[in-house]
Chemist: 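Next up is a structure, given as structure tokens.
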2 protein chains.
Amino acid sequence: MMVEAPKTESRKEQIYRVAITLFREKGYIASSMRDLAKELNIEAPSLYSHIKSKEEILQKVCFEMAETFFHGLNDIEKRNFSAKSRLEAAIHSHINVICEHKDAVAVFLNEWRHLSQPHYSDFVQLRNQYEEKFHTYIKFGVDKGEFRVADVNFAVLTILSSLNWTYNWYKESGKMKPEEIASNLSEILIKGIS
Amino acid sequence: MMVEAPKTESRKEQIYRVAITLFREKGYIASSMRDLAKELNIEAPSLYSHIKSKEEILQKVCFEMAETFFHGLNDIEKRNFSAKSRLEAAIHSHINVICEHKDAVAVFLNEWRHLSQPHYSDFVQLRNQYEEKFHTYIKFGVDKGEFRVADVNFAVLTILSSLNWTYNWYKESGKMKPEEIASNLSEILIKGIS
DNA sequence: CCTACCGATCGGTAGG
DNA sequence: CCTACCGATCGGTAGG
């Protein structure tokens, strides 16, 4: 597994970083604490002097990523954009978060269902709130006459699903940078391919 | 778990049907053969007189769904459509498969990575071939001047990701039928939301 | 279709 | 950070 190691990194941070790459590759359930320990060249029980449980790692990833996605939208809502510019800015923010945290986003998107209660319900609520933000952006444009959609909810799901797929193929080393990805997505979703 | 049972159904078919709903709800790895047996009111070892292994179920689901998706495109390629009509027909076919096989599609989309070799590689190959079909539809439209896209591959990924998300929220009992879903998706992807 | 059971592996603790 | 170990659970087999 290829994981670059920052210079000053606590053992705890190292555990989280390696766990994220492991969960992304094998899935949360299929990743064992012994797998994780092996990657770190320690024994499994030693992990527990740094973390409380396997699920604690998943919780941290899911909720920190949720916060990061929300944070990206903060500035946008303060400004007086056109509906189109506002949506474009939101798309750029969303894509930047995905590209900067590829593996964590993969875990965030695919493994949240393994959270136990009440974390599961808390997470679903956050996710719905994030979708609602995009809902208001689209609704704003529809009310202003900038957008035309058959169903606002439907448009939101279509937009977010195509944005979220980016984590699957984005490569830091690839020729397409986050800016260009976001621009291309905005173009297709706003103007269409025709 | 709510699963309607067809009148004439072999034990084997029943096992597959219930397994699909189980894998969809809990994930393949987190679903145990004891869970599956319990749903069927038998003991776990009894399953093995009908199936060879847990993975055999996953393999059947993944490859049969792949075949179903391909089959839907067969008619389309024989006709002399405009690029736009051809893409619309492909979208309708894809959405129909998703809506008719919701749970199996969920397993197909999310659990294929747990296939062992050589099935894993075979599956990835099929998936790439299916993407290539959409690639030719888009390329056809670009060459004819019907479509304008910055990057054909990129457009294909955007389209398929938004189509595939449908399995997550579609309900047979909902007001939006497959036909309407496909039409709305076509509209957004071809004309955009503006 | 069952009971009885296999070796392997799981997340995690005790105690140092 | 380790060794030693826990009870629970895993997919699957033997034998009927």
Side-chain angles (χ1 to χ4, degrees), chain A residues 1 3 5 8-63 107 110-120, chain B residues 1 5 8-62 107 110-120:
Chain A
M1 203 179 318
V3 188
T8 53
E9 187 188 37
S10 69
R11 199 52 149 162
K12 189 169 186 173
E13 289 166 339
Q14 193 187 10
I15 290 171
Y16 276 99
R17 177 173 52 80
V18 175
I20 286 168
T21 66
L22 189 63
F23 291 175
R24 194 249 159 93
E25 280 185 12
K26 303 186 58 168
Y28 174 72
I29 298 288
S31 302
S32 74
M33 297 305 271
R34 284 161 178 83
D35 291 334
L36 178 53
K38 198 170 216 170
E39 296 273 351
L40 295 159
N41 292 311
I42 58 177
E43 298 300 321
S46 304
L47 292 166
Y48 290 89
S49 52
H50 302 283
I51 60 163
K52 279 194 301 201
S53 66
K54 185 184 178 185
E55 197 187 312
E56 189 192 46
I57 302 176
L58 181 61
Q59 286 165 17
K60 206 186 165 202
V61 173
C62 289
F63 287 96
V107 174
N110 296 319
E111 311 294 347
W112 58 270
R113 66 169 158 175
H114 296 114
L115 290 168
S116 62
Q117 293 290 13
H119 311 288
Y120 181 95
Chain B
M1 205 176 316
T8 54
E9 185 187 39
S10 69
R11 201 49 151 165
K12 189 169 184 172
E13 289 165 338
Q14 194 187 8
I15 290 170
Y16 277 100
R17 178 173 51 79
V18 175
I20 286 167
T21 66
L22 189 64
F23 291 175
R24 194 248 160 96
E25 280 185 10
K26 302 186 58 167
Y28 173 72
I29 298 287
S31 302
S32 75
M33 296 306 271
R34 284 160 179 84
D35 292 334
L36 177 54
K38 199 169 218 171
E39 296 273 351
L40 295 159
N41 292 311
I42 57 175
E43 298 298 321
S46 303
L47 293 166
Y48 291 89
S49 52
H50 302 283
I51 59 163
K52 279 194 303 199
S53 66
K54 184 183 179 186
E55 196 187 313
E56 189 192 44
I57 303 176
L58 181 62
Q59 285 164 18
K60 205 185 165 203
V61 174
C62 289
V107 173
N110 296 320
E111 310 295 348
W112 58 271
R113 66 169 158 174
H114 295 114
L115 291 168
S116 61
Q117 293 290 13
H119 312 288
Y120 181 95

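Convention: sequence-line order gives letters A, B, ...; per-chain numbering from 1.
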Chemist: Would you mind reading off the distance between A:K38 atom NZ and D:dC2 atom P, rounded to a whole angstrom?
Modeler: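 That distance rounds to 14 Å.
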Chemist: Under the salt bridge (Lys or Arg N to Asp or Glu O under 4.0 Å) rule, collect the residues that match up with A:K26, sequence neighbours excluded.
Modeler: A:D35
Chemist: Any chance you could lay out the side-chain contact (heavy atoms from CB on, under 4.5 Å) test for B:K38 and B:R34, step after step, and finish with the verdict?
Modeler: CA-CA 6 Å; B:K38 199 169 218 171; B:R34 284 160 179 84; over 6 Å; no
Chemist: Residues in side-chain contact (heavy atoms from CB on, under 4.5 Å) with B:H50, at least two apart?
Modeler: B:R11, B:I15
Chemist: Using Watson-Crick and G-U wobble pairs with both distances under 3.5 Å, what is the 5'-to-3' dot-bracket string of DNA chain D, with [ ] for crossing pairs and | for pairs outside the strand?
Modeler: ||||||||||||||||
Chemist: Let me see the working for B:E55 and B:H114 under side-chain contact (heavy atoms from CB on, under 4.5 Å), right down to the final yes or no.
Modeler: CA-CA 8 Å; B:E55 196 187 313; B:H114 295 114; over 6 Å; no
Chemist: Could you tell me which residues satisfy side-chain contact (heavy atoms from CB on, under 4.5 Å) with B:E56, sequence neighbours excluded, listed by chain and number?
Modeler: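 B:E56: side-chain contact (heavy atoms from CB on, under 4.5 Å) contacts with B:Y16, B:I51, B:K52, B:S53.
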Chemist: Once ring-ring contact (aromatic ring centres under 6.0 Å, His included) is applied, do any residues pair with A:Y120, and if so which ones, sequence neighbours excluded?
Modeler: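 Partners of A:Y120 under the ring-ring contact (aromatic ring centres under 6.0 Å, His included) test: A:W112.
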Chemist: Rounded to whole Å, how long is the line connecting atom CG of B:N41 with atom C1' of C:dC1?
Modeler: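 Atom CG in B:N41 sits about 13 Å away from atom C1' in C:dC1.
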Chemist: Measure from the side chain of A:E43, starting at C-beta and using heavy atoms only, and say which of C:dC1, D:dT3, D:dC1 lies closest.
Modeler: D:dT3
Chemist: Quick one: what's the B/S/- string for nucleotides 4-16 of chain C, heavy-atom cutoff under 4.0 Å, read 5' to 3'?
Modeler: B-----BBBB---
Chemist: Which atoms form the tightest heavy-atom contact between B:A44 and B:M33, and what is the distance?
Modeler: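 Closest approach of B:A44 to B:M33, heavy atoms only: CB-O, 4.1 Å.
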Chemist: Measuring only between side-chain heavy atoms, which start at C-beta, is A:I57 closer than 4.5 Å to A:L36?
Modeler: yes
